[in-house]
Engineer: 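Starting off with a structure, shown below.
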There are 2 protein chains.
Amino acid sequence: METITNKQRKVNMPGRGMMSPGWGGKFRGCGYRMTLPRQAILNVLQKTKKHLSAEDVYMEAHKIFPHLGLTTVYRTLELLTDMGELNKFDFGDGRARYELMEISEEDHHHHLVCTKCKRIINYSDFVDEELEFLKRAEKGLSKKYNFEINNHIIQFYGVCDKCKKSK
Amino acid sequence: METITNKQRKVNMPGRGMMSPGWGGKFRGCGYRMTLPRQAILNVLQKTKKHLSAEDVYMEAHKIFPHLGLTTVYRTLELLTDMGELNKFDFGDGRARYELMEISEEDHHHHLVCTKCKRIINYSDFVDEELEFLKRAEKGLSKKYNFEINNHIIQFYGVCDKCKKSK
DNA sequence: AAGTTAATGAAAATTATTTTCAATAAAAAG
DNA sequence: CTTTTTATTGAAAATAATTTTCATTAACTT
Ligand SMILES: [Mn+2]
Ligand SMILES: [Mn+2]
Ligand SMILES: [Zn+2]
Ligand SMILES: [Zn+2]
């Protein structure tokens, strides 16, 4: 596992002049800076399909950027959420959990939340029906309430198969 | 405003022998007891359409049952949630918010959450489309994942009309 | 009426998250 | 490249919602 050091900065980051289509560009486009801690945090978020807590992200990112502080993780997660690049969830276990916004259509999914063991299941079934329903709902709601819709969540709560067996 | 005292107990609560179709019955049916603090908390929850926090409930219930403690409010809200009688929400303002489960079909609704001012808008449009979509989704998902679905939430995040104007 | 035990509330503890502030480093300017 | 500017960082302290503890109370049972 490679740890990120200051010496590697120029190797790991896009050059200055070059218009960067990646994260650096997104940050600077919003008036922010691309930094090594943010790199490390994004590396972690990009590498997983899990629903990480701030502490989870911290522990992972800390491996590749040991100087990182937990405060910076909280700040970066909030920043990314406000930028609309990160989804923040409450699955009922007392801490916020995060998931990088899907790039492609195929990644779009929602969640089954087991209220017994807090297990989370990603599902991406019924995308067609959902898309149709959501399209109409969003259009109608944004018109009726003059509300600009940027995002949505759908969660089903219940009991997972493992918890059904063990009772 | 009437405060609840021990003397009023028999007046406010269903008698012992009588099969109570109300909250007392529900509690006892789950093996719990109906108590004055729980009465007061339920009174508050039943009287409002707002999305109350634990502290909100405490302050209101405290008016009619001054002896009430905040701890009991937290415990009762968790109990009702586990009993499936109360919906617990995270609207992103750092505290849980609660809403009594709708009794009738007409009460069923979901939420628009303004990410700027945290205002919550109840909407119950598209109930037909939603019901159709959810029925199919629940059936399919519970079969595919062997997951027993008890509840669901749909939330749209965005910018409300007031916040759109003031920017 | 007496007994059993769940429920309560005050206070303390816990813990996720936020704030503070001096030090650092990213972007801009020279 | 060097200097300047200022956003960003991290350690520590603060905050605040929620949970735990435990002695007392009251709901239901006998
Ligand atoms: Mn997911
Ligand atoms: Mn509502
Ligand atoms: Zn489970
Ligand atoms: Zn608003």
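Residue numbers begin at 1 in each chain, while the letters A, B, ... track the order of the sequences.
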Engineer: Would the A:H111 and A:Y123 ring centres measure less than 6.0 Å apart?
Structural biologist: no
Engineer: What's the CZ-P distance between A:R95 and D:dT18, to the nearest Å?
Structural biologist: 15 Å
Engineer: Give a yes or no answer on whether the side chain of B:H109 reaches the backbone of B:D107 with a donor-acceptor pair at less than 3.5 Å.
Structural biologist: yes
Engineer: For B:E55 and D:dA17, what is the distance between atoms CD and P respectively, to the nearest whole Å?
Structural biologist: 7 Å
Engineer: Give a yes/no answer on whether the side chain of B:H67 brings an N or O atom under 4.0 Å of OP1 or OP2 in C:dG9.
Structural biologist: yes
Engineer: Establish, with yes or no, whether the OP1 or OP2 oxygen of C:dA28 is under 4.0 angstrom from a side-chain nitrogen or oxygen of A:R33.
Structural biologist: no
Engineer: What is the distance, to the nearest angstrom, from the CG atom on B:D93 to the C1' atom on D:dT15?
Structural biologist: 16 Å
Engineer: Do A:H110 and B:H152 have a side chain donor and acceptor closer than 3.5 Å?
Structural biologist: no
Engineer: Taking 4.0 Å as the cut-off, does a side-chain nitrogen or oxygen of A:R28 come that near to OP1 or OP2 on C:dA26?
Structural biologist: no
Engineer: Could you state the CG-C1' distance from A:D90 to C:dA16, rounded to the nearest angstrom?
Structural biologist: 12 Å
Engineer: Of the nucleotides C:dG9, D:dT9, C:dT17, which has the atom closest to the A:P37 side chain?
Structural biologist: D:dT9
Engineer: What pair of heavy atoms forms the shortest contact from B:L77 to B:T81, and how long is it?
Structural biologist: O-OG1, 2.7 Å
Engineer: May I have the distance from B:Y98 (atom OH) to D:dA17 (atom P), rounded to whole angstrom?
Structural biologist: 12 Å
Engineer: Let me know the distance between OH of B:Y58 and C1' of D:dA16, rounded to the nearest Å.
Structural biologist: 16 Å
Engineer: Near DNA chain C, which residues from residues 71-85 of chain A have a heavy atom under 4.0 Å away?
Structural biologist: A:T71, A:Y74, A:R75
Engineer: Which atoms form the tightest heavy-atom contact between B:L68 and B:P37, and what is the distance?
Structural biologist: CD1-CB, 3.7 Å
Engineer: With a 4.0 Å cutoff (strictly under), does any side-chain N or O of B:T35 reach OP1 or OP2 of C:dA6?
Structural biologist: no
Engineer: Would you say A:K139 has more than 12 foreign heavy atoms packed within less than 6.0 Å of its NZ?
Structural biologist: no
Engineer: Between the two end axes of the helix from C:dA1-D:dT30 to C:dG30-D:dC1, each built from 5 base pairs, what angle do you get to the nearest 10°?
Structural biologist: 40°
Engineer: Check every strand shown and say whether A:G31 touches a base, only sugar-phosphate, or nothing at a heavy-atom separation below 4.0 Å.
Structural biologist: nothing
